[in-house]
**Student:** 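Sharing a structure, written as structure tokens. Questions coming.
Worth knowing before you read on, the calculation uses all heavy atoms, side chains too, and leaves out hydrogens, waters and symmetry mates. Just so we're clear, the structure is a prediction, and the values are computed from it rather than from any experiment. Counting from 1, the numbers follow the sequence of the chain as shown.
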Amino acid sequence: MNHLSRRNLLAAAPAAGMGLLTPAALAAPAIVKGARPDLNDPAARARMRARVIGSCARETVFIFYRLHIYGYSGDGNLIPFFTMNHLNVSEWTPLPGNQYESRTYEAGVYCRFNTDEPLDEWVNPITGEKRKVWQFYGGPFSVAIGPDGIVTKGADLNPVVLPMEELGDMVIVPTSSSAAFPNAATPDAYPHLSAGKTIFWESHATYGARAQDAFNEKLTNAPAFCTFQNMATWHPWLGMGGRAETTSGRTWGRAYGAKISGLDEIPAAARRSLESHTPDIFKWKEWTGFRNDMGDYLKTVPKG
């Protein structure tokens, strides 16, 4: 069995699907009080990845994020826009063939930048226009983790694998994704809202867990620190259509958070914002259809 130094790659070859899992991974050095699982074994490899990202058992996993969102006009520094309190709810289920599937629901409340104060109206610092805030809901979409890849249904992003590493006493699982798809808010139909014919979206996510948890076969759900960075075409509700910044600018978001053991671990002020502005996330089991942030917003505004 091959062994790794703490800074060597655990896995580096590209994989299929979303690419969070690799076709082969080297086994890691022994941990205290027992040997590590052999990650050349597809079953052990799938369990470990599912354990860090979500769970390898039938259970619900919650991740709470603080997402700070900025505007970039194509010149100068980032402009603070707002902060989102974001809750991710994923119901995990083991499947045959070393697969672990999650059904994921999301919601986010836009707050005054770097606070828990929910926004109902917001003044766009680039245009000076007061806008009615459209709070975020998404899902459910499914993610299936296996030994050599991830398959999604209902999600726009398709991340590619980046090397998974053990750094210090942590296991780091990074991903990178880039997407481009037709903009439902076309310039002709929504001239004041549209940022062009195509939506561009970059997203980079990272999960970090202690090595002793990531490789612990007695754990189904490893505590993890979770981050992502997004750069995306202006959302229609921002009202950036028909401006020079529309073609050169984007929003840039930086999120940091962690798995939490239950809803009671959401910071109190953040939970109040979610309860007041996106209460449906606490009733995710009652959702009867798919919720799409942009599509749902466009149903509420007239064309032209």
**Student:** Kindly work out whether a path of hydrophobic side-chain contacts (I/L/V/M/F/W/Y, heavy atoms less than 4.5 Å apart) joins Val123 to Phe113.
**Tutor:** no
**Student:** Using 0.5 Å steps for rounding, measure from the CZ atom of Arg112 to the OG atom of Ser273.
**Tutor:** 13.0 Å
**Student:** Strictly below 4.0 Å, N to O, side chains only: are Arg271 and Asp116 in salt-bridge contact?
**Tutor:** no
**Student:** Could you tell me whether the side chain of Pro187 reaches within less than 4.5 Å of the side chain of Lys197, counting heavy atoms only?
**Tutor:** yes
**Student:** For the atom pair OG1 (Thr251) and CG (Asn230), what is the distance rounded to the nearest 0.5 Å?
**Tutor:** 8.0 Å
**Student:** In the structure I gave you, are the side-chain heavy atoms of Pro140 and Glu91 within less than 4.5 Å of one another anywhere?
**Tutor:** no
**Student:** CG/Leu95 to CD1/Ile145 distance, rounded to the nearest 0.5 angstrom?
**Tutor:** 11.0 Å
**Student:** Would you give the length of the straight line joining atom CD of Gln229 to atom CG of Leu67, rounded to the nearest 0.5 angstrom?
**Tutor:** 10.0 Å
**Student:** Shortest non-hydrogen contact from Leu193 to Gly239?
**Tutor:** CD2-CA, 4.2 Å
**Student:** So which residues get pulled into Leu219's cluster when ILVMFWY side chains under 4.5 Å apart are joined, directly or through others?
**Tutor:** none
**Student:** Establish whether Phe228 and Met231 are linked, either directly or via other cluster members, by ILVMFWY side-chain heavy-atom contacts under 4.5 Å.
**Tutor:** no
**Student:** Got Trp252 and Tyr72 here, is their nearest side-chain heavy-atom distance under 4.5 Å?
**Tutor:** no
**Student:** So His204 and Ser176, do their side chains get closer than 4.5 Å, heavy atoms only?
**Tutor:** yes
**Student:** Decide yes or no for Phe141 and Asn292: does some side-chain heavy atom of the first lie under 4.5 Å from some side-chain heavy atom of the second?
**Tutor:** no
**Student:** Can you confirm whether His68 sits close enough to Asn114 that some side-chain heavy atom of one is under 4.5 Å from a side-chain heavy atom of the other?
**Tutor:** yes
**Student:** Show your working on ring pair (Phe, Tyr, Trp, His ring centres under 6.0 Å) between Tyr297 and Trp237 and close with a plain yes or no.
**Tutor:** CA-CA 8 Å; Tyr297 172 72; Trp237 81 259; 7.6 Å; no
**Student:** What's the shortest heavy-atom distance between Cys56 and Pro94, and which atoms?
**Tutor:** O-CG, 3.8 Å
**Student:** Is the shortest heavy-atom distance from the side chain of Trp122 to the side chain of Leu238 under 4.5 Å?
**Tutor:** yes
**Student:** Between atom CG of Asn85 and atom OH of Tyr65, what is the distance when rounded to the nearest 0.5 Å?
**Tutor:** 14.0 Å
**Student:** With no hydrogens and no angle check, just 3.5 Å: does a side-chain donor-acceptor pair link His235 and Asp293?
**Tutor:** yes
**Student:** Roughly how far, to the nearest 0.5 Å, is the OG1 atom of Thr83 from the CZ atom of Arg254?
**Tutor:** 10.5 Å
**Student:** In chain order, what residues pass the side chain to side chain contact (heavy atoms under 4.5 Å, CB included) check against Lys303, with sequence neighbours excluded?
**Tutor:** Ala189, Tyr190
**Student:** Out of Phe200, Tyr70, Trp234, which residue meets the side chain to side chain contact (heavy atoms under 4.5 Å, CB included) rule with Arg250?
**Tutor:** Phe200
**Student:** Where the side chain of Ser73 meets the backbone of Ser248, is there a donor-acceptor pair that is under 3.5 Å apart?
**Tutor:** no
**Student:** Do NZ/NE/NH1/NH2 and the carboxylate oxygens of Arg51 and Glu217 come within less than 4.0 Å?
**Tutor:** yes
**Student:** Under 4.5 Å side-chain heavy-atom separation, chaining through any Ile, Leu, Val, Met, Phe, Trp or Tyr, what else clusters with Phe64? Say none if it is isolated.
**Tutor:** Phe62, Leu87, Val89, Tyr105, Val109, Tyr137, Ile260, Leu263, Ile266, Leu274, Ile281, Phe282, Trp284, Trp287
**Student:** Contact between Gln212 and Asn216 at the side-chain level, heavy atoms closer than 4.5 Å - yes or no?
**Tutor:** no
